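Because only heavy atoms are used, hydrogens play no part in the values below, and waters and symmetry mates are left out as well, while side chains stay in. None of these values were measured; they are calculated from a predicted model.
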Amino acid sequence: MSTHPLAARTAVLISAAGRGSRMGGDLPKQWQALSGRTVLDRAIGAFQGFARIVVVVHPDDMGRAIAELGGRVTLVAGRDTRSGSVRAGLETLDGSGLGHVLIHDGARPLVAPPVIDAVLDALAAGAPAAAPALAVTDALWRGAVDRVTGFADREGLYRAQTPQGFALDAILAAHRAGSRGAADDVELAHRHGIPVTIVPGDEDNLKLTWPGDMARAERITKRRNMDVRLGNGYDVHAFGPGDRVWLCGIAVPHDLGLVGHSDADVGMHALTDAIYGALAQGDIGRHFPPSDPQWKGAASDIFLRHAAELAGRMGYRLGNADVTLICERPKIGPYAAAMQARLAEIMGVAPDRVSVKATTSERLGFTGREEGIAAIATATLIGGA
């Protein structure tokens with residue numbers, strides 16, 4: 001949703017009438033799916049908050065466009081050429097009272113707000129036209145078939161992107177005066193004496209053209225949608241009678257046990273709470289109340305497995321987990337690898353995503369007096385990717 005002051009007085013025209021034969025596939029590229037939404041739907045979604053959105057589609061696609069986009073945008077039937085289609089869209093804006101228009105390619109579904117805002121900033125500052133572009137940094141060759149035939153100077157060259165913004169009356173007049181042979185609206189504006197300001201483009205604002213472009217767009221979409229969450233957990237259990245302690249799913253021989261409502265696995269409890277915390281789902285007590293007798297003496301892998309499965313149902317996977325056990329005795333080192341493997345098994349992840357380590361409190365506090373064991377844990381969850 002654009003909050004730029006100029007957006008409420010600016011129209012958006014999205015050109016989506018092409019066939020995109022180089023892309024391949026059974027559908028024109030603007031109607032192909034990109035991470036669960038059509039390319040065209042994503043392009044339209046980038047311009048929410050503007051005064052009006054006009055979408056030019058191929059006549060053969062009008063039925064689908066009405067079914068999927070009707071009521072959200074103004075639909076216009078395209079012409080035989082891109083310039084003809086753009087003019088058809090511009091004509092619907094004549095007399096609208098809007099001062100500016102952004103013309104965008106429907107095959108650019110990943111345009112980001114900073115690119116759009118840069119164009120609007122230039123227009124708001126008085127530029128009659130503005131467009132994003134990236135300076136050419138690669139060496140340029142001329143070639144024929146598979147041979148280099150010459151070279152070109154890259155100095156002052158840019159790769160054009162959209163949206164390209166214009167004073168509405170100026171670009172409409174330019175189209176009416178004739179657009180033959182213009183590669184895009186910037187070229188047409190320049191031909192008719194309209195100065196165009198260059199603003200920064202974005203490498204992610206790619207135009208889908210070749211089959212491999214869709215895979216790249218999928219990667220960009222997943223990266224943008226990535227949701228990283230961090231949770232921490234802390235638990236303490238006192239020593240009591242027993243001959244072993246359960247730590248991170250492993251029975252460790254000791255001359256005492258740990259006291260708790262369940263099996264008192266302090267390490268697994270801390271890790272479980274870290275996962276619940278990252279999900280904003282409270283703690284073990286919310287999901288397994290100690291007042292419920294069915295959990296008395298329960299194995300703590302039940303709790304950890306539930307937390308991991310809940311993360312999966314909510315669309316997250318474990319990035320990594322780190323557990324620190326704090327005690328003077330028993331010694332954890334000989335069992336750390338087994339603990340790591342057991343936690344990984346319960347959560348259904350590779351062992352290298354889990355760390356188990358131990359430290360003492362230098363004989364200070366209740367752990368230093370060997371009255372109990374404490375544990376702290378951190379869990380990183382990754383969603384949307």
Is the shortest distance from a Lys or Arg side-chain nitrogen in [X] or [Y] to a carboxylate oxygen in the other one below 4.0 Å?
X: R369; Y: E328; value: no
X: R244; Y: D255; value: no
X: K29; Y: D213; value: no
X: D169; Y: R176; value: no
X: E218; Y: R223; value: no
X: R108; Y: D204; value: no

Practice item. From the options D121, I116, L123, T10, select the one residue that forms a side-chain contact (heavy atoms from CB on, under 4.5 Å) with H4. Key: D121
Revision key, fill the gap. When L13, V101, I194, I103 are each screened for side-chain contact (heavy atoms from CB on, under 4.5 Å) with D185, the one that passes is I103
Could you measure the distance from the [atom1] atom of [X] to the [atom2] atom of [Y]? Nearest 0.5 Å is fine.
X: T380; Y: D322; atom1: OG1; atom2: CG; value: 9.0 Å
X: F47; Y: S2; atom1: CZ; atom2: OG; value: 9.5 Å
X: L188; Y: H175; atom1: CG; atom2: NE2; value: 5.0 Å

Check [X] against [Y] and note the closest heavy-atom contact, atom names and distance.
X: C248; Y: M339; answer: CB-CB, 3.6 Å
X: G165; Y: L102; answer: CA-CD2, 3.5 Å
X: A160; Y: A133; answer: CA-CB, 4.4 Å

Check your understanding: Checking side chain to side chain donor-acceptor pair (under 3.5 Å) for the pair T378/N232: CA distance, chi angles, key distance, verdict?
Key -> CA-CA 4 Å; T378 302; N232 63 72; over 6 Å; no
Without swapping roles, check the side chain of [X] against the backbone of [Y] for a donor-acceptor pair under 3.5 Å.
X: H100; Y: L168; value: no
X: R159; Y: L134; value: no
X: N205; Y: T162; value: yes
X: E362; Y: G368; value: no
X: R142; Y: L140; value: no
X: D263; Y: S300; value: yes
X: R9; Y: G99; value: no
X: R353; Y: G319; value: yes
X: R154; Y: T137; value: yes
X: Q161; Y: G201; value: no

Check your understanding: Run the side-chain contact (heavy atoms from CB on, under 4.5 Å) check on Y158 and V136 step by step: do they pass?
Key -> CA-CA 5 Å; Y158 290 83; V136 173; 5.6 Å; no
Kindly indicate whether the side chain of [X], heavy atoms from C-beta on, has any atom under 4.5 Å from the side chain of [Y].
X: H254; Y: L247; result: no
X: E68; Y: D41; result: no
X: D94; Y: L172; result: yes
X: L110; Y: T221; result: yes
X: Q164; Y: V119; result: no
X: I275; Y: M347; result: yes
X: R52; Y: S96; result: yes
X: V111; Y: H104; result: yes

Check your understanding: Do H287 and Y276 have ring centroids that are under 6.0 Å from one another?
Key -> yes
Practice item. Measure the acute angle between the ring planes of H237 and H269, then classify it against the limits of 30° and 60° as parallel, tilted or perpendicular. Key: perpendicular
Exercise for review: Classify the angle between the aromatic ring planes of F288 and F303 as parallel (below 30°), tilted (30 to 60°) or perpendicular (above 60°).
Suggested key: tilted
Point to revise | Between S15 and S85, a side-chain donor and acceptor under 3.5 Å | key: no
Point to revise | K331 atom NZ: more than 12 heavy-atom contacts under 6.0 Å | key: no
Review point. What do the steps show when you test V39 against L208 for side-chain contact (heavy atoms from CB on, under 4.5 Å), and what is the final call?
Key: CA-CA 9 Å; V39 169; L208 301 179; 3.6 Å; yes
